[in-house]
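Below you'll find the structure, written out as structure tokens, and then a few comments.
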Amino acid sequence: MDMARITSPLDRVADFPAIPAGWAYLDTAATAQKPKAVIEAITRAYGETYATVHRGVYQRSAEMTIAFEASRRRVAEFIGAGAAEEVVFVRGATEGINLVAQSWGGSVLKPGNRIMLSTLEHHSNIVPWQLVAERTGATIDVAPLTADGRIDLDAMAGMLTEQHKLVALAHVSNVLGSVLDARRAADLAHKVGAKLLLDGCQAVPRMPVDVAALDCDFYVFSGHKLYGPTGIGVLWARAELLDAMPPWQGGGAMIDKVTFERTTYAPPPARFEAGTPHVVGVIGLHAAIDYVESIGLAAIHAHEAALVHEAREALSAFNSLRVFGPEDSAGIVSFAMEGVHPHDIGTILDESHVAIRAGHHCAQPLMAHLGVDATARASFGVYNGRQDVEALVRGIERVTKIFA
């Protein structure tokens with residue numbers, strides 16, 4: 001079997017030192033590999049320019065603070081935010097959603113209020129809302145899916161009422177790759193007076209995102225899926241919403257003045273960034289944004305769409321294999337094979353130097369909807385090419401022979 005790597009249309013494989021020749025990494029939806037530019041930025045930040053931020057009067061600290069806040073402005077520009085102050089640095093999308101749930105939700109939601117989710121949500125966009133619903137007396141509703149695995153906005157429109165205060169949806173499904181018509185979702189939410197939160201983890205790495213054009217109210221994403229470091233993520237929210245939200249965590253940096261009798265708090269975003277931040281993670285995120293924009297999000301989206309088309313077409317040729325999601329899924333292909341557990345598929349593919357994801361993908365309600373316990377998932381990035389699809393198909397052929 002010829003596993004020699006041929007050049008990807010984006011020609012970016014050489015940028016990723018952790019991807020050796022002959023290894024098909026198809027787990028980008030879980031976490032993206034890191035390009036040299038990001039690794040070098042992190043190395044410089046720790047090895048040459050490191051200091052904490054916002055605290056020191058010495059030059060090194062002042063310079064790192066300037067770089068840190070420049071990264072905030074870079075994020076704001078990247079997602080079309082109105083101001084850098086609308087960008088809150090968090091550990092990841094999960095923390096961002098929990099922050100909104102506990103701060104905004106905890107102060108706004110009341111008994112009788114409702115929250116609208118969808119069948120395909122990641123657990124991190126389900127469990128935080130369950131926790132705050134239990135605390136506030138709110139109720140959760142779930143929008144169904146269309147036959148091809150999209151959030152059914154027509155059905156959701158009929159379900160929304162003036163009691164709904166929040167709609168929280170995935171911009172792109174982490175299992176099906178289905179892309180939400182986010183602007184229509186915003187229109188539907190706002191028509192009944194609800195806010196819209198979008199989970200952008202799978203969208204931001206593979207398509208242009210403009211929060212102003214989407215007209216959402218909250219947007220979250222994680223750096224590690226955007227070719228950046230782990231432990232850093234972004235919550236964007238409209239300035240007026242952040243201004244009205246109480247702190248979620250207390251500590252250093254988020255205060256105005258502390259006495260034992262009373263504490264006053266800093267304005268956003270500092271109010272929501274208690275403690276010493278992940279300084280180097282923020283620097284690495286800046287480098288990751290520069291990297292993907294040097295390629296172009298439109299080019300990345302077109303590249304991944306072509307790979308998805310080839311993969312879906314090739315996998316659909318196997319009679320025993322069921323491919324999930326819409327034909328135009330964004331960068332992700334999930335499938336199941338009759339009589340073979342996805343973990344066995346993943347193990348055999350690993351022996352063939354193909355890395356995929358196997359399991360419920362933190363989307364157990366979706367698995368129940370699909371009628372399976374788990375799926376196998378191949379997801380693409382800028383370093384993948386046709387050779388990786390071919391390696392995946394050869395691996396599946398080997399699986400079918402073993403379990404014939």
Side-chain angles (χ1 to χ4, degrees), residues 1-3 5 19-20 22-33 119-123 126 145-150 170 172-178 202 225 304-381 383-404:
M1 173 168 67
D2 181 14
M3 290 292 289
R5 180 170 292 281
I19 302 181
W23 188 50
Y25 181 74
L26 300 178
D27 197 20
T28 300
T31 194
Q33 295 291 328
T119 303
L120 58 66
E121 299 308 314
H122 190 282
H123 294 166
I126 299 174
L145 305 183
T146 61
D148 64 349
R150 305 175 196 274
V172 173
S173 167
N174 73 306
V175 176
L176 304 176
S178 46
Q202 301 299 337
K225 298 181 192 294
E304 293 186 359
L307 294 177
V308 163
H309 175 76
E310 288 191 27
R312 290 183 65 90
E313 188 174 65
L315 293 174
S316 296
F318 292 89
N319 293 331
S320 61
L321 198 146
R322 179 184 173 196
V323 182
F324 302 101
E327 293 292 331
D328 61 348
S329 56
I332 295 170
V333 180
S334 284
F335 57 94
M337 183 177 290
E338 185 178 353
V340 184
H341 195 281
H343 288 168
D344 293 325
I345 296 173
T347 299
I348 294 168
L349 287 175
D350 185 44
E351 293 172 353
S352 301
H353 311 294
V354 178
I356 66 162
R357 202 74 168 174
H360 55 65
H361 315 296
C362 294
Q364 288 178 317
L366 176 57
M367 296 296 110
H369 169 79
L370 297 175
V372 296
D373 294 325
T375 71
R377 182 186 70 187
S379 52
F380 300 98
Y383 30 66
N384 295 122
R386 179 177 294 175
Q387 76 284 350
D388 297 313
V389 177
E390 293 170 349
L392 172 65
V393 173
R394 288 195 298 271
I396 294 298
E397 289 173 345
R398 182 164 179 254
V399 174
T400 61
K401 290 176 181 177
I402 290 174
F403 286 91

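Residue numbers start at 1 and run along the sequence shown.
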If I compare all heavy atoms of [X] with all of [Y], which pair ends up nearest, and what's the gap?
| X | Y | value |
| --- | --- | --- |
| L176 | P326 | O-CD, 3.8 Å |
| K225 | A30 | NZ-O, 2.9 Å |
| S320 | T400 | OG-CG2, 4.5 Å |
| T28 | S379 | N-OG, 2.9 Å |
| Y25 | T31 | OH-O, 2.6 Å |
| L370 | R322 | O-NH1, 3.1 Å |

Kindly say whether [Y] contributes a backbone atom to a donor-acceptor pair with the side chain of [X] at under 3.5 angstrom?
| X | Y | answer |
| --- | --- | --- |
| S352 | V354 | no |
| S178 | G149 | yes |
| E310 | R386 | no |
| R377 | N174 | yes |
| Y383 | I19 | no |
| E304 | A330 | no |

Pairwise side-chain contact, [X] with [Y], heavy-atom cut-off 4.5 Å (strictly under):
| X | Y | answer |
| --- | --- | --- |
| L26 | L392 | yes |
| H122 | I126 | no |
| F335 | I396 | yes |
| V333 | F324 | no |
| R357 | T375 | no |
| I348 | I402 | yes |

> How would you list all residue pairs meeting ring-ring contact (aromatic ring centres under 6.0 Å, His included) that involve residues 356-375, not counting sequence neighbours?
Replying inline: H123-H360
>> Please determine whether the number of non-hydrogen atoms from other residues, nucleotides or ligands lying under 6.0 Å from atom CZ of R150 exceeds 12.
In response: yes
>> Please check if the number of heavy atoms outside D148 that lie under 6.0 Å from its CG is greater than 12.
In response: yes
Quick one: pull up [atom1] in [X] and [atom2] in [Y] and give me the separation to the nearest 0.5 Å.
| X | Y | atom1 | atom2 | answer |
| --- | --- | --- | --- | --- |
| L366 | T119 | CG | OG1 | 7.5 Å |
| R394 | E390 | CZ | CD | 6.0 Å |
| R312 | L307 | CZ | CG | 13.5 Å |

>> The criterion is side chain to side chain donor-acceptor pair (under 3.5 Å); which residues satisfy it with E338, sequence neighbours excluded?
In response: none
Please tabulate, for the side chains in residues 339-346, all donor-acceptor contacts under 3.5 angstrom to protein atoms that are two or more places apart in sequence or on a different chain.
from, atom 1, to, atom 2, distance (Å)
H341, ND1, H343, N, 2.9
H343, NE2, A358, O, 3.4

